[in-house]
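All chains are named by letter (A, B, ...) in the order of the sequence lines, taking the proteins before the strands, and each is independently numbered beginning at 1.
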Amino acid sequence: MKNYDFKAVEKKWQQKWEETGVFHAKQDFTLPKYYCLVEFPYPSGQGLHVGHPRSYTALDTVARKKRLQGYNVLYPMGWDAFGLPTENYAIKNHIHPEIVTKQNVARFKQQLQSLGFSFDWSREVNTTDPAYYKWTQWIFLQLYKKGLAYKKEMSVNWCTSCKCVLANEEVVNGVCERCGSEVIHKVKSQWMLKITAYAQRLIDDLDDLNFIDRVKVQQKNWIGRSTGAQVTFTATTGDPIEVYTTRPDTLFGATYMVVSPEHPLLEKWADKLTNMDEIRAYQNEAAHKSDFERTEVNKDKTGVELLGVRAINPVNGEEIPIFISDYVLVSYGTGAIMAVPAHDTRDWEFAKKFDLPIVEVVRGGNVEKEAFTDCATGVMVNSGFLTGLSVEDAKVKIIDWLTENGKGFKKVNYKLRDWVFSRQRYWGEPIPIIECPKCGFVPLDESELPLRLPEVESYEPTDTGESPLAKLTDWVNVKCPCCGGDAKRETDTMPQWAGSSWYFLRYCDPHNNDALASKEALEYWTPVDWYNGGMEHTTLHLLYSRFWHKFLYDIGVVPTKEPYAKRTSHGMILGENGEKMSKSRGNVVNPDEIVDQYGADTMRLYEMFIGDFEKAAPWNSDSIKGCKRFLDRTWGLQNIAKDGGIRAELEAEIHRTIQKVGEDIDNLKANTAIAALMTLLNRFYDSGAVTREELRTFVLLLNPFAPHLTEELWEVMDFGGVVTSQSWPQFDPAKCKDDSVEIAVQVCGKIKARLTVPADVSSADAIALAKADEKVAEAIDGKTIVKELYVPGRLVNIVVKM
RNA sequence: GCGGAUAUGGCGGAAUUGGCAGACGCGCCGGAUUUAGGAUCCGGUGGGCAACCCCCGUGCAGGUUCGACCCCUGUUAUCCGCACCA
């Protein structure tokens, strides 16, 4: 036996796979298909880290197994290459971002190829390629034409460090999701996408999808649907004040109102409010607070009462005070609330601080001590015609009353906001819109796509909030396609999430110049059968791409309502100290070094063996050795190989292993699949031999995890052909069972003995055999047997009484 | 605060979903081989006890059951998501 030279062997097979194109998806649409997808990476300057291969290897094992099972598998890879880090690097080093991207992509690609993933490289896509972003822009134009893209002056999140606006989804705890810098509010005119129009469908359609639960829960929470009522209060000025509430049943307990500091009625009432100075001061203060300050928890309630205008409760005609307070948000509901301090914690705190009346309307709590909110099963009190009803009935009755009297109606609200879609940066897709003083916004004609990014001298972002593109007067100043007059191009670009919102469609037909992909290809390949990716994208990329896909479905471009049939998510790989891997913590493991030291197969195997796929797992350099040892022992099997079929004494175990490995790969339980293969390997060594047929099966089962070594072993053993053109082993359920089994014998639940019995032994015989055992006989001697039971193949339990 | 999850040896993790807890791997201990180290091979390894066929043991306290890591009630800790969303 030759020593296993992983470096030479891995290179050899990687070249062979590339030359023969064995992993290219076939263009034959009559074959059963399987579309496996992993999130395409952002090609950063740091190169791959050990987290990337966890996801890629897991679906690579699925893809490889599915191919052996006869499926036409699409397992593609590409580059999500627009974005800030590249642009910032380019600025710092005075290199064009396109060149930086090219270098990073080359590095990533080389790293991925060194790990032996079975990607179809003939379908590689790159979001920064004009032939690609032509279609990103095309989709934007379709959204615009359907009224789902609009430009609006509004208060937006502004990252002080990126010098760029952010979507709500990109603001985490009041700071920028990417760089962690402070986010402030800025009033700017921004392109928006109307994702809210799809809020209900984005919730409803989750039901039919095979997504892991936490993804569904997180998306539902983010969309934040609630049902309640919109109620019209009337101000003493005669103006209606609309509020939204989920508790219309508590309307009789509304003792004051609160409007947000930005509420438009305040300007309207400016001349009637006697304390306008105080109000303006409060508004000003609120406007200068960052998101972080404004949403800080357990913060004291603040506010100012409006003097000169009061409100009338529509249900009882009572006049109540109105306040402004920053605990009421402009962006949610109507920007105004009715306050029911007895049954809402925030209102209660506010009422206590401003000494406002607290009227109990649902019995059961002590509203002087705290707000009684957990009152869904309570009974109404102090509530006029609602008194005596259950909360549930009161809700129905009050909504009927409001509707009949024109004072309100049933209403559904969402926390989801429209998607802020423009970015004031260079390295993104140009938005293909021209603004004409006469004609307004004019979309570029589709024949002019792609609208290429122009060359610029400097990519520096500006403090004024303008895109670097704005400085290119030659590019900006154009003639209006509509009237021929002077007009200007939109200079903002699209966010990084644009290109990734539809990339999985492009893989189906990546070189198509007439459509984002052909109808036939989409019909055949979509939806993605299995998509694995990070939890951090749940309310970003995953939600955005579902939205775009639904839109494309509505306009007849794609044949399915949903892009992904199944979504799973991998846990993070942590550093050896159990902390998140990061440069600053100095615990980063470089995958190149692992491949260099142990080989790609060991790296792959270890990443799959490291633990529960869905959970975070700390890296352990000692444990890798165990995987290397296993592969070396597998290679060594050729020394004890002999002719012959599967031996009778190993038949059941081999069939069970085939079953287990297959099922475990499908269920993301690679760790136990590998454990089963290790057990089987130990059995071969224990028996001193492995037959050719046994080895053949073993090699096939191991192939998805360790593709290089198994190909080489296949070749050395002269099994014929290559592994990639074989069939996945079949198991026979009838052969998975042993003829005899070891069972435990318990007396009163305590184990007294272990017996080997025939697998098909009858209950009576098993119990008789158990009783015949010396220790069991001793334990039950002289006692009354209360109960005897036999769990087939497991145990006998004899229950006795003294 | 709300929502979701998790808790098993020295470590990563198994457990056919109510039926022999600790599979598999790491680490550790002992042995073989080696000039030595490394590598490899063999044996052992949840805890207690001198030892056992004994006792204890799946975060903690109860409960249901012939039988509970698994189901129920309560509780603690950790992680994640959302967070003044009316």
Side-chain angles (χ1 to χ4, degrees), chain A residues 172-174 213-222 224-226 228 243-247 250 258 260 294-299 301 325-329 331-340 343-347 349-350 373 413-417 535-536 538-539 571-572 576 578 605-606 609-612 614-627 629-630 632-633 636 656 660 669 671-682 685 742-754 774-775 778 786-800:
Chain A
V172 176
N173 294 329
D213 246 17
R214 49 196 178 125
V215 168
K216 290 190 184 184
V217 167
Q218 220 166 290
Q219 288 205 343
K220 278 184 191 166
N221 284 348
W222 185 259
R225 181 194 148 102
S226 69
V243 303
Y244 171 73
T245 176
T246 55
R247 296 296 307 275
T250 61
V258 186
S260 68
R294 217 173 138 163
T295 60
E296 204 180 349
V297 275
N298 298 332
K299 181 185 70 167
K301 293 279 180 290
S325 173
D326 63 1
Y327 87 87
V328 173
L329 312 170
S331 55
Y332 184 75
T334 61
I337 61 156
M338 64 177 213
V340 184
H343 304 284
D344 182 283
T345 319
R346 298 151 301 180
D347 298 345
E349 282 171 21
F350 192 88
T373 55
N413 241 316
Y414 303 93
K415 290 191 214 171
L416 186 70
R417 303 268 70 93
M535 279 308 286
E536 71 275 17
T538 303
T539 53
M572 221 186 313
E576 286 207 67
L605 198 75
Y606 176 60
F609 191 61
I610 193 166
D612 186 332
E614 299 204 10
K615 287 194 207 141
W619 187 267
N620 184 312
S621 15
D622 280 333
S623 288
I624 303 167
K625 291 180 193 149
C627 293
R629 216 170 275 162
F630 166 70
D632 286 343
R633 273 158 61 81
R656 280 198 298 263
K660 178 142 187 72
K669 300 280 180 206
N671 53 336
T672 49
I674 294 165
L677 288 168
M678 287 172 167
T679 309
L680 185 57
L681 178 82
N682 291 341
Y685 275 103
E742 195 191 59
I743 60 164
V745 182
Q746 302 180 330
V747 175
C748 292
K750 297 238 176 216
I751 291 170
K752 292 292 171 189
R754 288 171 220 279
E774 203 182 315
K775 296 220 83 70
E778 196 181 305
V786 181
K787 194 171 190 174
E788 310 174 314
L789 50 97
Y790 173 58
V791 183
R794 302 267 169 241
L795 53 73
V796 167
N797 193 4
I798 300 170
V799 187
V800 295

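- At a threshold of 4.0 angstrom between heavy atoms, the contacts of N682(A) are confined to the sugar-phosphate backbone, with no base atom among them.
- With C1' as the reference atom, rC72(B) and rC84(B) are 36 Å apart, rounded to whole Å.
- The partner of rC53(B), taking Watson-Crick or G-U wobble pairs whose two distances both stay under 3.5 Å, does not exist in any strand shown.
- Put simply, K625(A) has no side-chain N or O that comes within less than 4.0 Å of OP1 or OP2 on rG38(B).
- With the nearest nucleotide of RNA chain B identified for both P618(A) and K752(A), P618(A) has the one nearer the 5' end.
- The residue S331(A) sits apart from the nucleic acid: no heavy atom pair falls under 4.0 Å.
- Base-pair partner of rA32(B): rU40(B) (Watson-Crick or G-U wobble, both distances under 3.5 Å).
- In this structure, F609(A) atom CZ and rG27(B) atom C1' are separated by 14 Å, rounded to whole Å.
- Using a 4.0 Å heavy-atom distance criterion, K660(A) is classed as making no nucleic acid contact.
- Contact annotation: side chain of D622(A) to base of rC26(B), donor-acceptor pair absent below 3.5 Å.
- For the pair R214(A) and rG3(B), the criterion of a side-chain N or O lying under 4.0 Å from OP1 or OP2 is not met.
- Applying the Watson-Crick and G-U wobble criteria (two distances, each under 3.5 Å), rC26(B) pairs with rG10(B).
- At a threshold of 4.0 angstrom between heavy atoms, the contacts of A616(A) are confined to the sugar-phosphate backbone, with no base atom among them.
- On the P atoms, rG43(B) is 16 Å away from rA23(B), given to the nearest whole Å.
- Comparing S623(A) and K415(A) along RNA chain B, the residue whose closest nucleotide (by nearest heavy atom) sits nearer the 5' end is S623(A).
- Counting non-hydrogen atoms under 4.0 angstrom, L795(A) reaches a base of the nucleic acid.
- The shortest side-chain heavy-atom distance between Q218(A) and M535(A) falls under the 4.5 Å cut-off.
- Put simply, R656(A) has no side-chain N or O that comes within less than 4.0 Å of OP1 or OP2 on rU16(B).
- Using a 4.0 Å heavy-atom cutoff across all strands shown, V328(A) reaches at least one base atom of the nucleic acid.
- Classified by interplanar angle (parallel below 30°, tilted 30° to 60°, perpendicular above 60°), the ring pair Y606(A)/W619(A) is perpendicular.
- Using a 4.0 Å heavy-atom criterion, one finds that V791(A) contacts the bases of the nucleic acid, with or without backbone contacts as well.
- Using a 4.0 Å heavy-atom criterion, one finds that E788(A) contacts no nucleic acid atom at all.
- Under the 6.0 Å distance and 45° angle rule, K301(A) counts as a cation-pi partner of Y327(A).
- Nucleotide rG81(B) forms a pair with rC2(B), judged by Watson-Crick or G-U wobble geometry with both contacts under 3.5 Å.
- Rounded to whole Å, atom C1' of rC26(B) lies 14 Å from atom CD1 of I674(A).
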Q: List the steps, then state whether side-chain hydrogen bond (donor to acceptor under 3.5 Å, both in side chains) holds for S226(A) with Y244(A).
A: CA-CA 10 Å; S226(A) 69; Y244(A) 171 73; 2.8 Å; yes
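- Distance check on atom P: rU78(B) versus rC24(B) gives 34 Å, rounded to whole Å.
- Counting any heavy atom pair closer than 4.0 Å across all strands shown, I610(A) reaches sugar-phosphate atoms only and no base atom.
- Salt bridge status for D622(A) with K625(A): present, with a side-chain N to carboxylate O gap under 4.0 Å.
- Between the P atoms of rG13(B) and rA86(B), the separation comes to 38 Å (whole Å).
- The separation of rG47(B) from rC42(B), taken at their C1' atoms, amounts to 27 Å, rounded to a whole angstrom.
- Comparing the P positions of rG48(B) and rG37(B) gives a spacing of 30 Å, expressed to the nearest Å.
- Nucleotides rG46(B) and rG57(B) are separated by 8 Å at their C1' atoms, to the nearest Å.
- Nucleic acid contact class of K301(A) (heavy atoms, under 4.0 Å, all strands): base.
- Counting only distance, with no hydrogens or angles, the side chain of E576(A) and the backbone of P618(A) share no donor-acceptor pair below 3.5 Å.
- For the C1' atoms, the distance from rG62(B) to rG9(B) is 26 Å, rounded to whole Å.
- Rounded to whole angstrom, the span from the CG atom of L605(A) across to the P atom of rG13(B) amounts to 16 Å.
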